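Being a predicted model, the structure only gives us computed values, none of them experimental.
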Amino acid sequence: MMADSGSNEEVAVIVNTDITSTESENNLINTMVERGTALLRKMEINVAEAEKRTGKNTVNMQETYTVYLIEIRPAETVPEGGTPATPDTLWRRYSEFELLRTYLLVTYPYIIIPPLPEKRAEFVWHKLAADNLDPDFVERRRVGLENFLLRVASHPVLSNDKIFFLFLTEVSTQVDSRLKSLSAMFRVKNPDKRFTALKHYSDELNTVISQLLRVRVKVADRLYGVYKVHGNYGRVFSEWSAIEKEMGDGLQSAGHHMDTYAASIDDILEEEEHYADQLKEYLFYTDAVRSVCRKHELIQYELEIVAQDLVHKKQQKEELATGTVRIFSLKGMTSKLFGQESQEQRESRLAALEQSIQEGEETLKEKNTECHEFVQTAWEDIERFKEQKDKDLREALISYAIMQISMCKKGIQVWSNAKECFNKM
């Protein structure tokens, strides 16, 4: 269930305008699911706005939370002068997006599931509000949630999922939450070197991006101070202009340019947050990559356990057939103390072991097939993710560099204007 039934009326409000019956709704779902890879060609998906609400939680305590309006409409070409189709809309809480992503993680363990935007502000410079109800933070999260939906909708496999489609269209969505606990307390004997290298790369990428975001925070804090202290130039020039006759106008104008320069840093750092959010997305993506690696380790571990058990049973059969015991065992000691078992007992045990070995070989074959198929499908998605990552990070870094260049040019322009003011004095 994407939200508890007691809060559905309060949290989720849906308006259906194009889908007027259960039959047409089911037909639409089937059409979308069958053509999942073309989902974004069939519909437009937006997280249009955010709204703060107050209500009681599961323990009957008053709480304030944010809900997000999802809009979907058919992606049809609107004739010139025509009116676009009215979108279907519903409200979802962040926790519901979390449940959707958990469902996708469990259902598609071989896919790198797109991450959600951060639940609480991290890596923020000290002048920026870290409150998760802060309007600027909520707006950045709204953009991140929309990006999450678009990434899922554009994925060749995830876009086929019926639960995902119902998440976009149904107020109450039943989600299969068969959460599997992947224990970290196992060690595989023959790990796949590709997944080991991928996990190592993911750890290093996480470290690098974390360091980059921390550096960016330090730079932003210092840059904020440098820009704001230029306001002191404006104040001093203004005071100085009051005691000068010939130079007064020039000093006053120069002071005005300094004030403008000092005030510009707020918009600059707000724009920087957009690029920081793009980096954070891939910081969170590293967890998704590690999740795929952990799932592969679990499958490999189960395969090795089955193989080890089969070897042990074959050894037992050989020992029973030859009467030779290679290792100390309680059963061997019992035989020495109380005598050997009868031929009939031995044959019965041999038959049981033979049956168990046949079942073990069949299980081993199934586990080998499962492991092979997982590696094949997972690696296809990993290659797709690598291409997406390289493209997105390259564009984000280039855009960030362009923004820095633009910022420096504006600083040069401010001082060039100040120079002109001084020349006219």
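- Here Arg142 does not pair with Glu49 in a salt bridge; the nearest charged N to carboxylate O distance is not below 4.0 Å.
- Counting only residues at least two apart or on different chains, no salt bridge (Lys or Arg N to Asp or Glu O under 4.0 Å) pair has a member in residues 102-116.
- Considering only heavy atoms from C-beta on, Leu223 comes within 4.5 Å of Met407 through its side chain.
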For this session: Verify side chain to side chain contact (heavy atoms under 4.5 Å, CB included) between Lys317 and Arg349, making sure each step is shown before the conclusion.
Result: CA-CA 9 Å; Lys317 178 186 175 184; Arg349 285 185 58 205; over 6 Å; no

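- With respect to Arg290 and Asp203, a salt bridge is recorded, a charged nitrogen being found less than 4.0 Å from a carboxylate O.
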For this session: Apply side chain to side chain contact (heavy atoms under 4.5 Å, CB included) to the pair Phe374 and Val292, showing each step before the final yes or no.
Result: CA-CA 10 Å; Phe374 180 90; Val292 173; 4.2 Å; yes

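- Within the 4.5 Å cutoff, the side chain of Tyr261 has no heavy atoms near those of the Lys410 side chain.
- For the pair Arg53 and Trp91, the cation sits on the ring face: its NZ or CZ lies under 6.0 Å from the ring centre, inside 45° of the axis.
- Closest approach of Leu69 to Thr89, counting heavy atoms only: CD1-CB, 3.7 Å.
- In plain terms, the two heavy atoms of Glu98 and Lys119 that are nearest each other are OE1-NZ, 3.4 Å.
- Under the 4.0 Å criterion applied to side-chain N and carboxylate O atoms, Glu273 and Arg216 are assigned as salt-bridge partners.
- Between Glu118 and Arg140, no side-chain nitrogen of the basic residue sits less than 4.0 Å from a carboxylate oxygen of the acidic one, so the salt-bridge criterion is not met.
- Outside the 6.0 Å centre-distance limit, the rings of Tyr65 and Tyr94 are not counted as a close aromatic pair.
- Residue Tyr233 is tested with Trp240, Tyr227, Trp415 for a ring-ring contact (aromatic ring centres under 6.0 Å, His included); the sole match is Trp415.
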Problem set entry | Steps toward ring pair (Phe, Tyr, Trp, His ring centres under 6.0 Å) verdict (Tyr103, Phe164) | CA-CA 9 Å; Tyr103 159 78; Phe164 171 61; 9.9 Å; no

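- Of the possible donor and acceptor atoms, one in the side chain of Arg92 sits under 3.5 Å from a partner among the backbone N and O of Phe167.
- For the pair Asn206/Tyr201, no side-chain contact is recorded, criterion being any heavy-atom separation below 4.5 Å from C-beta on.
- Going from atom CG of Leu279 over to atom CG of Leu393 covers 6.5 Å, rounded to the nearest 0.5 Å.
- In this structure a side-chain-to-backbone donor-acceptor pair under 3.5 Å is present from Ser154 to Leu150.
- Closest non-hydrogen pair, Leu283 versus Ser210, comes out as CD1-OG, 3.2 Å.
- Residues Ser253 and Cys421 come closest through the heavy atom pair CB-SG, 3.5 Å.
- Residues Phe195 and Val375 have side chains in contact (heavy-atom distance under 4.5 Å, counting atoms from C-beta outward).
- A distance below 6.0 Å separates the ring centres of Phe385 and Tyr285.
- Considering only heavy atoms from C-beta on, Ile265 comes within 4.5 Å of Leu269 through its side chain.
- Side-chain contact check for Thr286 versus Lys199: every heavy-atom pair is 4.5 Å or farther apart.
- Using a 4.0 Å cut-off between charged nitrogen and carboxylate oxygen, Arg151 and Glu281 count as a salt-bridge pair.
- Glu319 and Gln315 are linked by a side-chain donor-acceptor pair at a separation below 3.5 angstrom, with hydrogens and angles left out of the test.
- Looking at every heavy atom in both residues, Glu304 comes nearest to Asn190 through OE2-N, 2.8 Å.
- Across every non-hydrogen atom of Ile112 and Arg384, the tightest pair is O-NH2, 4.2 Å.
- Cation-pi geometry between Arg93 and Tyr68 is not met at under 6.0 angstrom from the ring centre and within 45 degrees of the axis.
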Exercise. Where do Lys52 and Thr66 land on the side-chain hydrogen bond (donor to acceptor under 3.5 Å, both in side chains) test, with the steps shown first?
Worked result: CA-CA 4 Å; Lys52 188 186 298 185; Thr66 306; over 6 Å; no

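- Side-chain contact check for Lys314 versus Ile357: some heavy-atom pair is nearer than 4.5 Å.
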Problem set entry | side chain to side chain contact (heavy atoms under 4.5 Å, CB included) between His312 and Gln316, intermediate numbers included | CA-CA 6 Å; His312 178 65; Gln316 281 184 310; 3.8 Å; yes

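- Listed by first and then second residue, the salt bridge (Lys or Arg N to Asp or Glu O under 4.0 Å) pairs involving residues 99-114 amount to none (not counting sequence neighbours).
- For the pair Asp309 and Lys313, the salt-bridge criterion is met [side-chain N within less than 4.0 Å of a carboxylate O].
- The backbone N or O of Ile402 lies less than 3.5 Å from no partner atom in the side chain of Ser406, so there is not a single donor-acceptor pair.
- For the residue pair Tyr282 and Asp392, a side-chain donor N or O sits within less than 3.5 Å of a side-chain acceptor on the partner.
- Side-chain N/O atoms of Gln278 and Glu395 include no donor and acceptor closer than 3.5 Å.
- Here Lys365 does not pair with Glu362 in a salt bridge; the nearest charged N to carboxylate O distance is not below 4.0 Å.
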Problem set entry | CA sep, side-chain torsions, deciding dist, call: Glu387, Lys391, salt bridge (charged side-chain N to carboxylate O under 4.0 Å, His left out) | CA-CA 6 Å; Glu387 292 182 8; Lys391 176 177 177 290; over 6 Å; no

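- With no hydrogens or angles considered, a side-chain donor-acceptor pair links Asp381 and His155 at under 3.5 Å.
- Between Thr369 and Glu366, the closest side-chain pair of non-hydrogen atoms is not below 4.5 Å.
- To the nearest 0.5 angstrom, Lys218 atom NZ is 12.5 Å from Leu213 atom CG.
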Exercise. Would Phe237 and Phe422 satisfy ring pair (Phe, Tyr, Trp, His ring centres under 6.0 Å), going step by step from the backbone distance to the final call?
Worked result: CA-CA 11 Å; Phe237 286 150; Phe422 300 147; 5.7 Å; yes

For this session: Step by step, work out the side chain to side chain contact (heavy atoms under 4.5 Å, CB included) result for Gln300 and Asp192.
Result: CA-CA 9 Å; Gln300 180 68 25; Asp192 189 312; 5.9 Å; no

